[in-house]
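Side chains included, hydrogens not; waters and symmetry mates left out as well; all remaining heavy atoms used. Residues take their numbers from the sequence shown, with the count starting at 1.
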Amino acid sequence: APMAPLRCRSLGAPNSTRRNVCCMKAAVYDQTGGPEVFRYADIDEPQLRKGGVLIDVKFIGIQGGDLLHRARGVLATVPHVVGYQASGIVRSVGEGVTQFVPGQPVVATMGYGSHAEVVSVNQASVWAIPDGVSLEEAAGVPIEFGTAHDCLFEFGGLKAGESVLVQAGAGVREVVLGGLLHRDCRRWGPGDTLTNCGACAQPRMVRGNGTICLRETLRRPMTSRDR
């Protein structure tokens, strides 16, 4: 659908320097609680900052933290725009930014504010989306990738040569874990990662030299040894 015309107003005293501030749509709430506290509102667009990037949001990632914050978090702003991750197109870049250009597809993380039409993010929290990855796919990667890495290596203590069973390994989770394990298998040496999911035609194993399908491995009854 075509974008709605910008909704702008002027700020500043009549005899002083004035600036136009445009409004955007955002999912906001004024107090914590259940889903009913959400409302769809017009709020001021964020301003472009030095060292920052202004992004027109196309897709957002919804995290477990979004639900926890809406239920009982501290509101950094009122109305508060929740959300930690979004992908979109760079609208403009601030002073000192050289690695991004207007029109470039990117994904970004932030402390809050992704559930809106526009976000303003420090360049350190923005990543260019590589060819072959859609904006929709990219919106579900940065935080998920970091979470998977922490679970596997920092808290799980995964080491070279060990095997991993990933439950419900479908969709973004399969992409994130598969890519992460494939990368680290190549770096650390051989190890097997077995995933299963209801939507997959076959269980899959990620090895150091690629991904193969396991046709019969999980078709036999589970034994006490498997448990």
Side-chain angles (χ1 to χ4, degrees), residues 24-47 49 51-90 100 105-130 133-158 164 166-181 183-184 195 197 199:
M24 64 177 181
K25 289 291 186 182
V28 307
Y29 48 87
D30 303 298
Q31 62 184 20
T32 56
E36 67 278 359
V37 301
F38 264 118
R39 61 187 178 90
Y40 199 44
D42 284 319
I43 64 172
D44 290 346
E45 283 189 356
Q47 297 298 302
R49 302 186 296 268
V53 180
L54 205 62
I55 303 169
D56 289 316
V57 174
K58 302 301 180 183
F59 293 92
I60 62 172
I62 299 179
Q63 319 296 328
D66 295 332
L67 305 181
L68 294 174
H69 192 282
R70 186 257 301 150
R72 55 179 182 271
V74 176
L75 303 187
T77 60
V78 177
H80 182 74
V81 184
V82 74
Y84 304 114
Q85 187 166 276
S87 67
I89 304 298
V90 174
F100 301 106
V106 294
V107 61
T109 61
M110 59 216 75
Y112 60 90
S114 72
H115 293 27
E117 288 182 300
V118 184
V119 295
S120 180
V121 188
N122 186 279
Q123 63 178 331
S125 298
V126 182
W127 294 269
I129 298 176
V133 178
S134 69
L135 286 165
E136 183 176 7
E137 291 168 333
V141 171
I143 292 176
E144 290 78 3
F145 190 93
T147 300
H149 191 281
D150 286 349
C151 290
L152 288 167
F153 302 109
E154 181 175 350
F155 301 108
L158 183 64
V164 178
V166 180
Q167 297 284 4
V172 170
R173 182 178 300 175
E174 183 179 33
V175 172
V176 170
L177 285 174
L180 177 63
L181 289 164
R183 182 198 68 177
D184 284 340
T195 72
C197 62

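- With sequence neighbours excluded, no residue satisfies side chain to side chain donor-acceptor pair (under 3.5 Å) with His115.
- Heavy atoms only, all atoms of each residue included: Tyr40 and Ala27 are closest at CD1-N, 4.3 Å.
- Checked against side chain to side chain contact (heavy atoms under 4.5 Å, CB included), Ala76 has the following partners two or more places apart in sequence or in another chain: His80, Tyr112.
- In this structure, Gln85 contributes its side chain and Thr109 its backbone to no donor-acceptor pair below 3.5 Å.
- Glu45 places no side-chain N or O within donor-acceptor distance of the main-chain N or O of Met24, the cut-off being under 3.5 Å.
- In this structure, Val107 and Ala139 approach most closely via the heavy-atom pair CG2-CA, 4.3 Å.
- Residue pairs meeting the salt bridge (charged side-chain N to carboxylate O under 4.0 Å, His left out) criterion with at least one member in residues 66-75: none, sequence neighbours excluded.
- For the side chain to side chain donor-acceptor pair (under 3.5 Å) test, no residue two or more places apart in sequence or in another chain qualifies with Tyr84.
- Annotation: side chain to side chain donor-acceptor pair (under 3.5 Å) contacts of Ser125 (sequence neighbours excluded): none.
- Nearest heavy-atom pair across Ile43 and Ala26 is CD1-CB, 3.8 Å.
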*Check the pair Lys58, Glu136 against side-chain contact (heavy atoms from CB on, under 4.5 Å), reporting the backbone distance first and the verdict last.*
CA-CA 8 Å; Lys58 302 301 180 183; Glu136 183 176 7; over 6 Å; no

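- When every heavy atom of Ser114 is checked against every heavy atom of Ile60, the shortest pair comes out as O-CG2, 3.2 Å.
- For Pro105, the side chain to side chain contact (heavy atoms under 4.5 Å, CB included) partners two or more places apart in sequence, or in a different chain, are Ile89, Ile129, Leu135.
- When all heavy atoms are compared, the tightest approach of Phe38 to Val82 is CZ-CG1, 3.8 Å.
- Looking at residues two or more places apart in sequence or on another chain, you find a side chain to side chain contact (heavy atoms under 4.5 Å, CB included) between Ser120 and Pro46, Arg49, Leu54.
- Residues satisfying the salt bridge (Lys or Arg N to Asp or Glu O under 4.0 Å) criterion with Arg39, sequence neighbours excluded, are Asp30.
- Here Phe59 pairs with nothing under the ring-ring contact (aromatic ring centres under 6.0 Å, His included) rule; sequence neighbours left out.
- Partners of Thr32 by side chain to side chain contact (heavy atoms under 4.5 Å, CB included), not counting sequence neighbours, listed by chain and number: Leu75.
- Closest of all the heavy-atom pairs between Val126 and Phe100 is O-CZ, 3.3 Å.
- The side-chain heavy atoms of Ile55 and Val106, taken from C-beta on, include a pair separated by under 4.5 Å.
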